[in-house]
Amino acid sequence: MLLEFDEQQGLIRDRSLLDPNFVVEEDRIVGRDEQLQEVTKMLRVALGDNRPPNLFLYGPSGTGKSLITKAVCNNISRICESRDISFGTIEVNCQDLDTLGVAVYELAQQAAAEAGVDVQVPKHGVATKEKWDELYRIVNENFDSAVFVLDELDMLVGRRDKQDPAFSRLLYQLSRAGADDELDAFISVVAISNDTKMMDSVGSRAISSFTPEDVHFDDYDADELKAILRRRQDAFHDDVVDDDVIPLAAAFAAQTHGDARKAIDLMRVAGELAEREGDGRVREKHVRAAQQKVEKNRVLEVVRGISTQKKLCLYATAAVAAQTEAGTARSTTGYRVYQYLTEAIDADQYHQETYVNKMKELTTYSLVDFERRSHGPSSGMFLEFQFGERPATILETLREDSRIEMVSESEVESVVKAQIRNQT
């Protein structure tokens, strides 16, 4: 069977172009000319063996922040090599790093990998200061200039008993290292975040030493997403993609905050589904099937690791959003449905403030967002939650949890409708 499949003519010619994390050439980067010029202009200082400024790149997920940073750093690296300047890009994604010590060790590992050397301190059993010293040693011995790329930096919160979050302490230490003569190399720190308000949580000492240049990234619109996908259409063999495939994939992605990663993922999954079916073309039906699969996979990835209480909060809020015309949910209404759910399964019931805080925490996954609203003097203030995926998909995925599955869907729907009618 493997040999038979291997002999079949596939539809996808170059799978790397359908990988959202693959760094494409600059002529494939669409709708980001201004940001590309800004980042290039500021980081190109490294070409003259000088220190580039620190940067803060912010905006929604999938809007090109990481892609542009990597593309510019790749170009700088090539030119530096021709000028006998040792330039390094030391990149970490902070999403899965839980403490400052782990983050510093990961930076040391990435710096060592970039330089082709080994880290000489263990990951555990040594003080964070020793990890910092090892990072400085690797950078000083191997690079004239280096850019630290800290992706999804706002996710590095660290221990709750610390006055400042771990990302604030990381920014302070890295940006001070050069001034304190701990680093001989010229370094720049590029902080990347989906949270536009991340800098509000950075401590005053870190702010004064980091002092970044800000670069904002907006959502892509449907036309820009179509252009992005057309620049990657050569990932497929010639004349195998129906004309309506790219507009449909772009429209789906535009509905969820203009996420280019999602648009590219949809094309990849649609192509793979068509291949598995033995179809000779990628068609609209494959994009629609891919949309359902990608949505559910993303929600699964988020909810798999969250607590039961967060699942209950999310389920209650999505159940409200699924019944409203705008697809949104008021925090006051969501909380009353949450109360019903906790009573139905005999779970601990938190106060409304805790419910709201748990929903706010879920915004870091780009699954839900919120705005502060007031519908007149009689309604008071409340948060209005909007979802990055269809609420129905979130509900379907959460019902795979055995405790939530115990609650009747029709009863939840009745409770939601009654609470929506009672909104004032």
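Side-chain contact, Ser66 with Asp151: a donor N or O sits under 3.5 Å from an acceptor N or O. A donor-acceptor contact closer than 3.5 angstrom links the side chains of Asn93 and Glu152. Thr317 and Tyr355 share a side-chain donor-acceptor pair at under 3.5 Å. Side chains of Glu343 and Gln339: no donor on one and acceptor on the other come within 3.5 Å. Counting only N and O atoms by type, the side chains of Tyr315 and Arg399 include a donor and acceptor under 3.5 Å apart. A donor-acceptor pair shorter than 3.5 Å cannot be found between the side chains of Gln35 and His216. For the 3.5 Å distance criterion, the side chains of Lys65 and Asn194 qualify, holding a donor opposite an acceptor.
Counting heavy atoms of neighbouring residues, nucleotides and ligands inside a 6.0 Å radius, atom CG of Asp243 does not exceed 12 of them. Atom CZ of Arg205 has 12 or fewer neighbouring heavy atoms from other residues, nucleotides or ligands inside a 6.0 Å radius. In the displayed structure, Asp239 atom CG is contacted under 6.0 Å by at most 12 heavy atoms of other residues, nucleotides or ligands.
Here Arg169 does not pair with Asp164 in a salt bridge; the nearest charged N to carboxylate O distance is not below 4.0 Å. Taking a cutoff of 4.0 Å between a charged side-chain nitrogen and a carboxylate oxygen, Arg261 and Asp265 do not qualify as a salt bridge.
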Determine, step by step, whether Leu107 and Gln110 satisfy the side-chain contact (heavy atoms from CB on, under 4.5 Å) criterion, reporting the C-alpha distance in whole Å, the side-chain angles of both residues, the deciding distance to 0.1 Å, and the verdict. CA-CA 5 Å; Leu107 285 170; Gln110 294 303 318; 5.8 Å; no
Does the side-chain contact (heavy atoms from CB on, under 4.5 Å) test come out yes or no for Phe387 and Leu314, once each step is laid out? CA-CA 10 Å; Phe387 288 86; Leu314 184 60; 3.7 Å; yes
Step-by-step salt bridge (charged side-chain N to carboxylate O under 4.0 Å, His left out) determination, Arg28 to Glu25: CA-CA 6 Å; Arg28 292 184 189 269; Glu25 303 88 350; 3.0 Å; yes
Please report the C-alpha distance between Val303 and Ile306 in whole Å, then the side-chain angles of each, then the deciding distance to 0.1 Å, and finally whether the side-chain contact (heavy atoms from CB on, under 4.5 Å) criterion is met. CA-CA 5 Å; Val303 304; Ile306 65 177; 4.2 Å; yes
Apply side-chain contact (heavy atoms from CB on, under 4.5 Å) to Asp348 and Gln309, showing your working. CA-CA 8 Å; Asp348 291 341; Gln309 279 292 338; 3.9 Å; yes
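Legend: residues meeting ring-ring contact (aromatic ring centres under 6.0 Å, His included) with Tyr350, ordered by chain and number and at least two apart, are absent.
Rounding to the nearest 0.5 Å places CG of Asp195 at 12.5 Å from OG of Ser61. The CD atom of Glu182 sits 10.5 Å away from the CG atom of Leu135 when rounded to the nearest 0.5 Å. Between the OG1 atom of Thr363 and the CD atom of Gln386 there is a distance of 11.0 Å, given to the nearest 0.5 Å.
Of the possible donor and acceptor atoms, none in the side chain of Arg13 sits under 3.5 Å from a partner among the backbone N and O of His237.
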